[in-house]
Protein chains: 2
Amino acid sequence: MNLPPLVQTFVLHFGEMGSRWGINRTVGQIYALLYLSKEPLNAEDIVERLGVSRSNVSMGLKELQAWNLVRLQHKPGDRRDYFATPDDIWQIVRTLVEERKKREIDPTMTLLREVLMQEPASAEERHAQERMREMHDLFELLTGWYADVQRLDTERLVQLLTLGSKVQKVLEMKDRLFVVPGSRKSGRDAPKDK
Amino acid sequence: MNLPPLVQTFVLHFGEMGSRWGINRTVGQIYALLYLSKEPLNAEDIVERLGVSRSNVSMGLKELQAWNLVRLQHKPGDRRDYFATPDDIWQIVRTLVEERKKREIDPTMTLLREVLMQEPASAEERHAQERMREMHDLFELLTGWYADVQRLDTERLVQLLTLGSKVQKVLEMKDRLFVVPGSRKSGRDAPKDK
DNA sequence: CTGAAATTTCAGAATTTCCTGAAATATGTG
DNA sequence: CACATATTTCAGGAAATTCTGAAATTTCAG
């Protein structure tokens with residue numbers, strides 16, 4: 001591995017972190033390297049710096065492209081592919097969350113819906129279904145929140161995050177000012193029944 | 001594997017999902033099984049239902065305990081350990097997030113702080129440090145938000161999530177009502193300089 | 001204290017995942 | 001089209017992880 005010490009520390013760490021996230025070490029390292037790099041890198045650059053095989057880099061880059069996590073660029077008079085991460089780190093986060101949702105949450109929701117349609121054949125199954133219903137509803141709440149928040153531009157998102165639970169205070173104030181007894185609570189529209 | 005079909009579907013799915021999360025298949029299956037089970041189960045119950053070895057179950061349960069994801073119970077006149085998940089699914093989510101933060105985010109923040117203390121030896125390292133600073137600040141924002149939100153009781157948390165980005169509307173309203181030109185924006189206190 | 005039941009440990013087998021080098025394929029230039 | 005360069009594919013070896021059975025340890029009732 002042929003990197004400035006400071007960069008190497010970070011790259012090694014993200015290689016290890018990758019493992020915990022079900023992403024392999026090399027892919028984590030490639031991404032860390034691209035993230036820190038000022039200039040886009042071509043595959044051969046990555047080979048030299050990480051000291052892994054050309055084919056390994058090729059597979060890693062393919063995986064990162066499948067995740068929409070890298071931009072591909074070209075330099076005039078050079079037909080090699082150059083890779084870079086988005087300049088905006090928030091864009092990276094958005095993509096990561098989006099892709100993980102697509103691969104993990106969505107299929108799980110599909111499965112939960114299917115299983116919840118079935119007729120329980122025993123008390124045991126009935127209880128299991130109740131538990132799955134709880135999980136389904138929780139995921140629905142979280143993905144609904146996510147869909148909402150995801151649409152905000154970054155500036156407003158940061159505002160919201162900075163505020164944290166202080167939002168609560170604002171809501172209480174609003175309630176005290178505007179809610180008349182017996183009125184409905186405000187909130188996102190309830191999801192339509194299927 | 002000896003389970004009602006409905007339960008088996010779910011257990012198998014979470015076994016696979018486990019792999020994607022750096023958790024091994026058996027651990028995922030054990031947790032799914034406990035989550036759906038009305039009664040706490042002992043190790044032998046789990047062996048019978050999942051059809052894996054006793055020692056594998058023992059290791060899996062140990063791992064789940066290390067994650068604080070299972071409660072251990074005893075029945076009178078029976079010295080075997082019985083395991084269950086929390087009844088409240090929100091408690092499960094809170095624990096999961098807390099533990100992942102502890103294992104993944106916290107060490108990463110430590111590393112970032114260390115690396116950011118060092119003197120860059122080149123333009124390349126200087127740029128790398130800037131990128132690490134961006135990541136550091138982003139994680140700080142997210143963990144700050146998380147620390148805030150985590151303290152809310154579940155009812156208020158659900159309120160907040162249900163509201164989604166509509167919060168934004170409330171904030172705008174608040175600003176229109178109360179902010180006088182030149183006043184500071186409200187928000188969480190800025191982190192102290194170290 | 002003894003012995004039976006429950007649990008844990010752990011070495012090595014089984015499985016899965018990762019990585020490489022060689023070959024195949026693709027791309028674009030002259 | 002031919003050639004050089006770039007990239008991808010893929011079989012099989014390397015490495016890591018998961019899982020098991022046997023042995024060791026712990027626990028507790030009598």
Side-chain angles (χ1 to χ4, degrees), chain A residues 1-2 11-34 40-67 70-84 103, chain B residues 1-2 11-12 14-34 39-67 70-84 103:
Chain A
M1 195 171 280
N2 184 11
V11 165
L12 290 175
H13 180 81
F14 271 80
E16 297 313 316
M17 281 333 243
S19 313
R20 301 212 180 173
W21 271 67
I23 285 165
N24 84 44
R25 202 170 62 249
T26 306
V27 172
Q29 290 182 355
I30 293 174
Y31 204 72
L33 179 62
L34 292 177
L41 302 178
N42 64 43
E44 202 54 51
D45 292 335
I46 298 172
V47 167
E48 281 164 25
R49 295 182 206 208
L50 297 184
V52 297
S53 73
R54 182 64 183 72
S55 51
N56 198 2
V57 169
S58 176
M59 290 188 298
L61 287 170
K62 217 178 105 191
E63 170 126 13
L64 288 172
Q65 284 177 283
W67 279 79
V70 288
R71 287 180 303 117
L72 202 156
Q73 294 190 323
H74 287 99
K75 303 203 173 190
D78 182 343
R79 61 196 178 82
R80 289 172 295 180
D81 294 332
Y82 282 79
F83 297 89
R103 286 154 204 250
Chain B
M1 194 169 280
N2 186 9
V11 165
L12 289 175
F14 272 79
E16 297 314 314
M17 280 334 243
S19 313
R20 301 212 179 171
W21 271 68
I23 284 165
N24 84 43
R25 201 171 61 247
T26 306
V27 173
Q29 290 182 353
I30 293 174
Y31 204 73
L33 180 61
L34 292 177
E39 300 297 324
L41 302 178
N42 64 44
E44 202 55 48
D45 292 336
I46 299 171
V47 167
E48 282 165 25
R49 296 183 204 207
L50 297 185
V52 296
S53 74
R54 183 63 183 74
S55 51
N56 197 0
V57 169
S58 177
M59 290 188 297
L61 288 170
K62 218 177 104 190
E63 171 125 12
L64 288 172
Q65 284 178 284
W67 279 79
V70 288
R71 287 181 303 115
L72 204 154
Q73 293 189 322
H74 286 98
K75 303 203 173 189
D78 183 342
R79 62 196 177 79
R80 287 171 296 180
D81 294 331
Y82 283 80
F83 298 88
R103 286 153 206 250

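What you see is a predicted model, and the numbers here were worked out from it, not measured in a lab. Reminder, nothing fancy here: chain letters follow the sequence lines and each chain counts from 1.
- One can place CG of A/Leu61 at 15 Å from C1' of C/dC19, the figure rounded to the nearest angstrom.
- Taking each heavy atom of B/Ala66 and B/Arg103 in turn, the nearest pair found is O-NH2, 3.1 Å.
- In this entry the distance linking CG of B/Leu72 with C1' of C/dA6 reads 13 Å, nearest Å.
- For the pair A/Arg20 CZ and D/dA16 P, the computed distance is 16 Å after rounding to whole Å.
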- Message: Run A/Lys75 and A/Tyr82 through side-chain contact (heavy atoms from CB on, under 4.5 Å) and show every step you take.
- Response: CA-CA 8 Å; A/Lys75 303 203 173 190; A/Tyr82 282 79; 3.7 Å; yes

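- Taking every side-chain heavy atom of A/Ser55 into account, C/dT20 is the closest of D/dT7, C/dT20, C/dC10.
- Among the atoms of the strands shown, only primed sugar atoms or phosphate atoms (P, OP1, OP2) are found under 4.0 Å from some heavy atom of A/Asp81.
- Nearest nucleotide to the B/Asn24 side chain, out of C/dT7, D/dC19, D/dC10: D/dC19.
- Checking the phosphate oxygens (OP1, OP2) of C/dT7, a side-chain nitrogen or oxygen of B/Arg54 falls inside 4.0 Å.
- With the nearest nucleotide of DNA chain D identified for both A/Gln65 and A/Ser19, A/Gln65 has the one nearer the 5' end.
- Within a 6.0 Å sphere centred on NZ of A/Lys62, heavy atoms belonging to other residues, nucleotides or ligands number 12 at most.
- Atom pair A/Tyr82:OH and D/dA6:P shows a separation of 9 Å (rounding to whole Å applied).
- Between A/Ile46 atom CD1 and D/dA6 atom P the separation is 15 Å, expressed in whole Å.
- Put simply, the side chain of B/Asp45 gets close to the backbone of B/Asn42: a donor and an acceptor are under 3.5 Å apart.
- Atom CD of B/Glu16 and atom P of C/dT15 are 16 Å apart (whole Å).
- Between the CD1 atom of A/Ile30 and the P atom of D/dT7 there is a distance of 13 Å, given to the nearest Å.
- Taking the ring centre of A/Trp21 as origin, the terminal cationic atom of B/Arg20 falls outside the region bounded by 6.0 Å and 45° from the ring axis.
- Proximity of B/Lys62 to the phosphate of C/dT7: no side-chain N or O atom is located under 4.0 Å from OP1 or OP2.
- When distances run from any side-chain atom of A/Asn56 to the nucleotides D/dT8, D/dG21, C/dT20, the shortest one goes to C/dT20.
- D/dC19 atom P lies 11 Å from atom CD of B/Glu63, rounded to whole Å.
- Here A/Thr26 reaches the OP1 or OP2 of C/dC19: one of its side-chain N or O atoms lies under 4.0 Å away.
- When distances run from any side-chain atom of A/Met59 to the nucleotides D/dG21, C/dC19, C/dT9, the shortest one goes to C/dC19.
- Pairing of D/dG30, defined by two Watson-Crick or G-U wobble distances under 3.5 Å, is identified with C/dC1.
- Contact annotation: A/Arg80 side-chain N/O to D/dA6 OP1/OP2 distance is under 4.0 Å.
- Residue order along DNA chain C, read from the 5' end via each residue's closest nucleotide, puts A/Arg25 first among A/Arg79 and A/Arg25.
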